[in-house]
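The block underneath contains the structure these notes are about, expressed in structure tokens.
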Amino acid sequence: GPGLFDMGTSALNLSVMSGITIRGSGREGTILTTAVSGGEAILMGRDNTVSDLSVRNTEGDGHAIKVNSLVGERGAFGDESVPRIFNVRAELQGTANLDSKVIFAVNDVLLENSVVVNNTAGTGNNFGVVAQSEGGGVADPQVRVKSSTIHVSSSGTGSRYGVFAG
């Protein structure tokens, strides 16, 4: 439902569960905040969906959302097994002395009708969305971004990237 939900320094881990959907009451109506340094506010798995809410991590050295789908779990886009982020505002704030990634996708993710904001300062590199192979992942990670806005602040001394796949 609607409201501001402060998770302290905890994260919401959906990665070990299958078919989970977290749905709020809209980006302005449901806001999850956390202060997880070096981690993420939400850790998603292969066929999880996060929609209709805002996620804010106030520790710059971390992620708002990390998607962790391994090679054996990869599905085709349009298939229910691809992790989906729909109508979400994902934001990272604070000071980043390491790389800061608002959405960090290990392998594939579908991002649609969402707003991604990296407002971190510091010496680290700032990313909006990153897709990369990791831990037995696929050779070519795929990010589908549809009808979304990605903003990476010009604060700090590190490099800035909107969408990065590698």
Side-chain angles (χ1 to χ4, degrees), residues 1-18 20-70 83-111 114-135 137 141 143 148-153 155-164 166:
L4 174 63
F5 301 92
D6 186 348
M7 300 187 304
T9 57
S10 298
L12 185 58
N13 186 347
L14 309 175
S15 67
V16 295
M17 297 176 267
S18 181
I20 301 296
T21 297
I22 301 295
R23 181 174 292 125
S25 294
R27 292 190 302 225
E28 307 303 320
T30 304
I31 301 169
L32 306 176
T33 65
T34 189
V36 179
S37 181
E40 52 280 331
I42 298 177
L43 178 59
M44 297 175 62
R46 173 179 66 104
D47 59 352
N48 296 152
T49 299
V50 174
S51 69
D52 302 308
L53 53 82
S54 288
V55 180
R56 185 179 304 130
N57 189 347
T58 58
E59 278 294 323
D61 287 326
H63 323 295
I65 299 174
K66 182 174 181 180
V67 180
N68 196 14
S69 57
L70 300 177
R84 294 163 308 282
I85 300 170
F86 180 77
N87 196 33
V88 169
R89 178 181 173 92
E91 187 171 356
L92 194 57
Q93 302 173 340
T95 301
N97 295 314
L98 304 171
D99 288 350
S100 65
K101 306 162 187 145
V102 181
I103 296 177
F104 180 28
V106 178
N107 301 320
D108 302 335
V109 67
L110 172 61
L111 175 70
S114 294
V115 177
V116 175
V117 179
N118 188 329
N119 276 330
T120 58
T123 59
N125 295 321
N126 299 333
F127 298 87
V129 178
V130 173
Q132 73 179 46
S133 247
E134 183 177 280
V143 174
S148 296
T149 301
I150 299 170
H151 172 77
V152 180
S153 172
S155 299
T157 58
S159 297
R160 291 166 293 285
Y161 305 92
V163 178
F164 182 86

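Just so it is clear, the structure is predicted and the values come from calculations on it, not from any experiment. Residues take their numbers from the sequence shown, with the count starting at 1.
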- Does the H63 side chain pair with the main chain of K101, one donor and one acceptor, at a distance under 3.5 Å? yes
- Item | Heavy-atom side-chain contact between I150 and V163 under 4.5 Å | yes
- Task: Could you tell me whether the side chain of I85 reaches within less than 4.5 Å of the side chain of V109, counting heavy atoms only?
- Result: yes
- Show your reasoning for whether side-chain contact (heavy atoms from CB on, under 4.5 Å) applies to V116 and T149. CA-CA 6 Å; V116 175; T149 301; over 6 Å; no
- Message: Apply side-chain hydrogen bond (donor to acceptor under 3.5 Å, both in side chains) to residues R89 and S54 and explain how you reach the verdict.
- Response: CA-CA 4 Å; R89 178 181 173 92; S54 288; 5.2 Å; no
- Looking only at heavy atoms, which two atoms of V143 and A131 are closest? And how far apart? CG2-CB, 2.9 Å
- Task: Supply the atom-to-atom distance S37 OG to D61 CG, rounded to the nearest 0.5 angstrom.
- Result: 5.0 Å
- Of all heavy-atom pairs between R27 and V88, which one has the smallest distance, and what is that distance? CD-C, 3.5 Å
- Check against side-chain contact (heavy atoms from CB on, under 4.5 Å), I103 and L111: CA-CA 9 Å; I103 296 177; L111 175 70; 3.8 Å; yes
- Item | Non-hydrogen atoms of N48 and M17 that approach each other most closely | ND2-O, 3.2 Å
- Measure the spacing between CG of N87 and CZ of R84 and express it to the nearest 0.5 Å. 14.5 Å
- Task: Could you tell me whether a side-chain N or O of S51 sits under 3.5 Å from a main-chain N or O of F86, the two making a donor and an acceptor?
- Result: no
- Query: Nearest heavy-atom pair of N13 and V16: which atoms, and what distance?
  - Reply: OD1-N, 4.1 Å
- Message: Taking the side chain as everything from C-beta on, heavy atoms only, tell me whether K66 gets closer than 4.5 Å to V106.
- Response: yes
- Message: Donor-acceptor pair, distance only, cut-off 3.5 Å: does the side chain of R160 make one with the backbone of G158?
- Response: yes
- Message: Checking V36 now: which residues fulfil side-chain contact (heavy atoms from CB on, under 4.5 Å) with it, not counting sequence neighbours?
- Response: T34, N57
- Query: For I42 and E40, what are the C-alpha separation, side-chain angles and deciding distance, and is it a side-chain contact (heavy atoms from CB on, under 4.5 Å)?
  - Reply: CA-CA 5 Å; I42 298 177; E40 52 280 331; over 6 Å; no
- Query: Taking the side chain from S153 and the backbone from N119, do they hold a donor-acceptor pair closer than 3.5 Å?
  - Reply: no
List the atom pairs, donor and acceptor, that lie under 3.5 Å between side-chain atoms in residues 2-11 and the rest of the protein, sequence neighbours left out.
| residue | atom | partner | partner atom | Å |
| --- | --- | --- | --- | --- |
| D6 | OD1 | G8 | N | 2.8 |

- Query: R56 and L32: side-chain contact (heavy atoms from CB on, under 4.5 Å), yes or no, with the steps?
  - Reply: CA-CA 6 Å; R56 185 179 304 130; L32 306 176; over 6 Å; no
- Task: Determine the minimum heavy-atom distance between I31 and E28, stating which atoms define it.
- Result: CD1-O, 4.2 Å
Show the atom names and distances, to 0.1 Å, of all donor-acceptor pairs under 3.5 Å that link a side chain in residues 92-100 to residues at least two apart or in another chain.
| residue | atom | partner | partner atom | Å |
| --- | --- | --- | --- | --- |
| Q93 | NE2 | E91 | OE2 | 3.0 |
| D99 | OD1 | N125 | N | 3.3 |
| D99 | OD1 | N125 | ND2 | 3.3 |
| S100 | OG | N118 | ND2 | 3.0 |
| S100 | OG | T120 | OG1 | 3.1 |
| S100 | OG | N126 | OD1 | 2.9 |

- Message: Students often mix this up, so state it plainly: with edges at 30° and 60°, are the rings of Y161 and F127 parallel, tilted or perpendicular?
- Response: parallel
- Do the non-hydrogen side-chain atoms of V102 and I65 ever get within less than 4.5 Å of each other? no
